[in-house]
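Have a look at the structure below before the remarks.
Keep in mind that what you see is a predicted model, and the values were worked out from it rather than measured. Here is the naming used below: chain letters follow the sequence lines, and residue numbers restart at 1 for every chain. The analysis underlying the following values was restricted to heavy atoms, covering all of them including side chains, and did not include hydrogens, waters or symmetry mates.
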Amino acid sequence: AQRVTQPEKLLSVFKGAPVELKCNYSYSGSPELFWYVQYSRQRLQLLLRHISRESIKGFTADLNKGETSFHLKKPFAQEEDSAMYYCALKIGNMLTFGGGTRLMVKP
Amino acid sequence: NAGVTQTPKFRILKIGQSMTLQCAQDMNHNYMYWYRQDPGMGLKLIYYSVGAGITDKGEVPNGYNVSRSTTEDFPLRLELAAPSQTSVYFCASSYPGVNNNEQFFGPGTRLTVL
């Protein structure tokens, strides 16, 4: 069965430090992966999708099929990046979410 | 556009009570979803709908019912509330084929069953 794992529940970094939020998936088919973010007191929203190969708010994520990973990276973290981040695997019309990682960026 | 709206924001139920969580969207999205999020866990899909009159079970449908009589509304019904249903409930909607079926989420309903 498909599964998404985010091994870190909490990641704490200082402002300006690089950040990497890990996401691993298990799925036998061709995956479509996403990162969703929830800022404090805001609703969950799409951050980026692997198929677009885009950079949003300085974040990038590369799909590594060999390692079945889709880690989210940013070279220099900002305080406004503090939020909950969820990795999600799309199969058909449904999303399977990981457990989420809380990113805290300290000044 | 209001996007996806949910009511109520908070609710406390007693065991065995029933209630309906309301969800509406004004984006003319065909697809709508209900998720629950338990503390420290990811979102789990309860039910989803690909259009008016069509619903299907997700990963954790037991104890819930849904209906989709209009494109805009997708209420979630709890018939006999149990403490295990204490959670935050999120409704979402999407339009197929647009932006990889990006889902738009409501603000959530925090439900406590005592």
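Using a 4.5 Å cut-off on side-chain heavy atoms (C-beta onward), A:Y36 and B:Q103 make contact.
Counting non-hydrogen atoms of neighbouring residues, nucleotides and ligands closer than 6.0 angstrom, the CD atom of A:E80 exceeds 12 such neighbours. Under a cut-off of 6.0 angstrom, the local environment of CE in B:M27 is crowded, with over 12 non-hydrogen atoms contributed by other residues, nucleotides or ligands. Other residues, nucleotides and ligands place more than 12 heavy atoms under 6.0 Å from the CZ atom of B:R77. Environment of OH in A:Y39: crowded, with over 12 heavy atoms of neighbouring residues, nucleotides or ligands closer than 6.0 Å.
Proximity to chain A is limited to the side chain of B:Q37, based on heavy atoms less than 4.5 angstrom apart. With a 4.5 angstrom heavy-atom cutoff, A:Q42 does not touch chain B via any of its atoms.
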### Message
Working note: A:R49 + B:E102, criterion side chain to side chain contact (heavy atoms under 4.5 Å, CB included); need CA distance, chi angles, decisive distance, verdict.
### Response
CA-CA 9 Å; A:R49 52 181 77 86; B:E102 176 185 351; 3.4 Å; yes

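Cluster membership check: B:V60 shares its hydrophobic cluster with B:L21, using side-chain heavy-atom separations under 4.5 Å among Ile, Leu, Val, Met, Phe, Trp and Tyr. Taken together through direct or relayed side-chain contacts under 4.5 Å among Ile, Leu, Val, Met, Phe, Trp and Tyr, A:M84 and A:V105 form parts of separate hydrophobic clusters. In terms of hydrophobic clustering, with Ile, Leu, Val, Met, Phe, Trp and Tyr side chains grouped at heavy-atom distances under 4.5 Å, A:L48 and A:Y85 are assigned to a common cluster. Following chains of ILVMFWY side-chain contacts shorter than 4.5 Å, one can reach A:F34 starting from B:Y35, so the two form part of one hydrophobic cluster. Linking Ile, Leu, Val, Met, Phe, Trp and Tyr residues whenever their side-chain heavy atoms come within less than 4.5 Å leaves A:W35 and B:F105 in two separate clusters.
The CG atom of A:L95 lies 6.5 Å from the OH atom of B:Y33; values are rounded to the nearest 0.5 Å. Expressed to the nearest 0.5 Å, how far OG of B:S94 lies from CG of A:L46 amounts to 11.5 Å. Separating the OH atom in B:Y31 from the CE atom in A:M94 is a distance of 11.5 Å, to the nearest 0.5 Å.
In plain terms, the two heavy atoms of A:R43 and B:P107 that are nearest each other are NH2-CD, 3.5 Å.
Interface residues of residues 42-57 of chain B toward chain A, defined by a heavy-atom distance below 4.5 Å and sorted by number: B:G42, B:L43, B:L45, B:Y48, B:V50.
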